[in-house]
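Only one structure is covered here, and it is reproduced in the block below.
Order of the sequence lines fixes the chain letters, A, B, ..., with proteins taken first and strands second; residue numbering starts at 1 for each chain.
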Amino acid sequence: MAAVAAPTRAEVLSLFRSLLRTAKQFSDYNIREYTRRRAADAFRDNRALADPPAAAAAFAEGKKQLEVARRQAVVYSLYAPKAKSVMELKVQ
Amino acid sequence: MSPDKHEILQLHVALSPPLARLTPNRERKTMAMAAARRALLTHLRVPVARTAAAAVAAGTVPVAARRLLSSTTEETKGSFLDKGEVADRVVSVVKNFQKVEPAKVTPTAHFQKDLGLDSLDTVEVVMAFEEEFGFEIPDNEAEKIDSIKTAVDFIASHPQAK
């Protein structure tokens with residue numbers, strides 16, 4: 001089996017952007033923030049992956065998670081919380 | 001005045017049978033039908049354009065309706081924000097970003113060289129601009145934004161920025 005090429009910098013940043021965009025679609029504050037934080041943390045953890053197969057595997061995992069997030073954003077929108085989180089209230 | 005729908009319908013009905021009778025050859029028939037359709041279409045097109053323009057020019061359209069028309073066109077075109085205002089809002093968004101020291105933020109600061117942000121932070125900052133200005137920045141444009149100046153230039157030249 002041929003070695004998998006590492007994703008390019010632009011591809012990685014694009015995946016990160018897609019994850020952040022999807023995170024914003026969650027109606028629940030906690031899930032929205034968790035998804036955003038989780039994506040940012042994972043990308044930071046894996047930022048220095050030197051060998052191409054590991055980078056490719058992490059990239060593939062990220063793409064899978066993006067699909068999960070997209071599906072869950074739709075499912076969660078059907079059960080949106082009726083009240084806002086206290087964190088979303090504007091400080092007077 | 002221009003012919004209305006009924007007249008055009010009658011014309012169509014009147015034209016069809018004679019054309020069919022005259023042309024036993026199938027190709028000639030389709031050609032003739034195409035010609036008839038073209039004639040009908042040009043007939044249809046001209047009056048529509050003329051009546052709309054004429055109605056506005058003649059002032060038969062009520063003032064409120066005319067205002068509505070002009071406002072919708074403005075909405076679709078969008079309007080450009082003042083560059084000074086954009087600069088202020090961009091600076092305050094960057095200052096509010098967690099990893100940035102507010103004192104370091106100047107209108108000419110470069111995200112990576114001056115503010116010490118990495119490419120992942122830059123993506124997050126650009127997302128924050130999207131939220132602040134209420135429009136989506138496509139990937140190829142987002143890649144080019146690497147300093148406060150480029151961000152201000154891009155947002156000020158974008159008609160959908162609010």
Inset, instruction - State, with a plain yes or no, whether a side-chain heavy atom of B:Asp139 is found less than 4.5 Å away from one of A:Leu13. - result: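 No, their side chains stay 4.5 Å or more apart.
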Single-linkage hydrophobic cluster [X]~[Y], side-chain heavy atoms < 4.5 angstrom:
| X | Y | value |
| --- | --- | --- |
| B:Ile137 | B:Leu81 | yes |
| B:Phe111 | B:Phe133 | yes |
| B:Leu120 | A:Leu49 | no |
| B:Val90 | B:Met127 | no |
| B:Val93 | B:Ile145 | yes |

Inset, instruction - Side chain from CB out, backbone as N, CA, C, O: work out which of these in A:Arg47 comes under 4.5 Å of a heavy atom of chain B, or both, or neither. - result: side chain
Inset, instruction - Could you walk me through whether A:Arg44 and B:Glu124 pass the salt bridge (Lys or Arg N to Asp or Glu O under 4.0 Å) test, one step at a time? - result: CA-CA 12 Å; A:Arg44 282 229 160 71; B:Glu124 287 188 69; 3.8 Å; yes
Legend entry - Euclidean distance, B:Glu131 CD relative to A:Lys24 NZ, rounded to 0.5 Å: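 Here the interatomic distance stands at 4.5 Å.
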Inset, instruction - Under 4.5 Å, counting heavy-atom pairs only, tell me which of B:Thr122, B:Asp121, B:Val126 racks up the most with chain A. - result: B:Asp121
Inset, instruction - Determine which residues belonging to residues 32-41 of chain A lie within contact range of chain B, meaning some heavy atom pair is under 4.5 Å apart, and list them by number or answer 'none'. - result: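 Hits under 4.5 Å: A:Arg36, A:Ala40.
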Inset, instruction - Using a heavy-atom cutoff of under 4.5 Å, enumerate the residues of residues 62-75 of chain A that contact chain B, numbered in order, or state 'none'. - result: none
Inset, instruction - Could you tell me whether A:Lys84 atom NZ has more than 12 heavy atoms of other residues or ligands within 6.0 Å of it? - result: no
Inset, instruction - Could you tell me whether A:Tyr76 atom OH has more than 12 heavy atoms of other residues or ligands within 6.0 Å of it? - result: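 Atom OH in A:Tyr76 is not crowded, with 12 or fewer foreign heavy atoms closer than 6.0 Å.
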Inset, instruction - Locate the shortest heavy-atom distance separating A:Phe16 from B:Val123; write the atom from each residue and the value. - result: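 Result for this residue pair: CD2-CG1, 3.7 Å.
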Legend entry - Shortest non-hydrogen contact between A:Arg17 and B:Glu143, atoms and distance: NH2-N, 4.5 Å
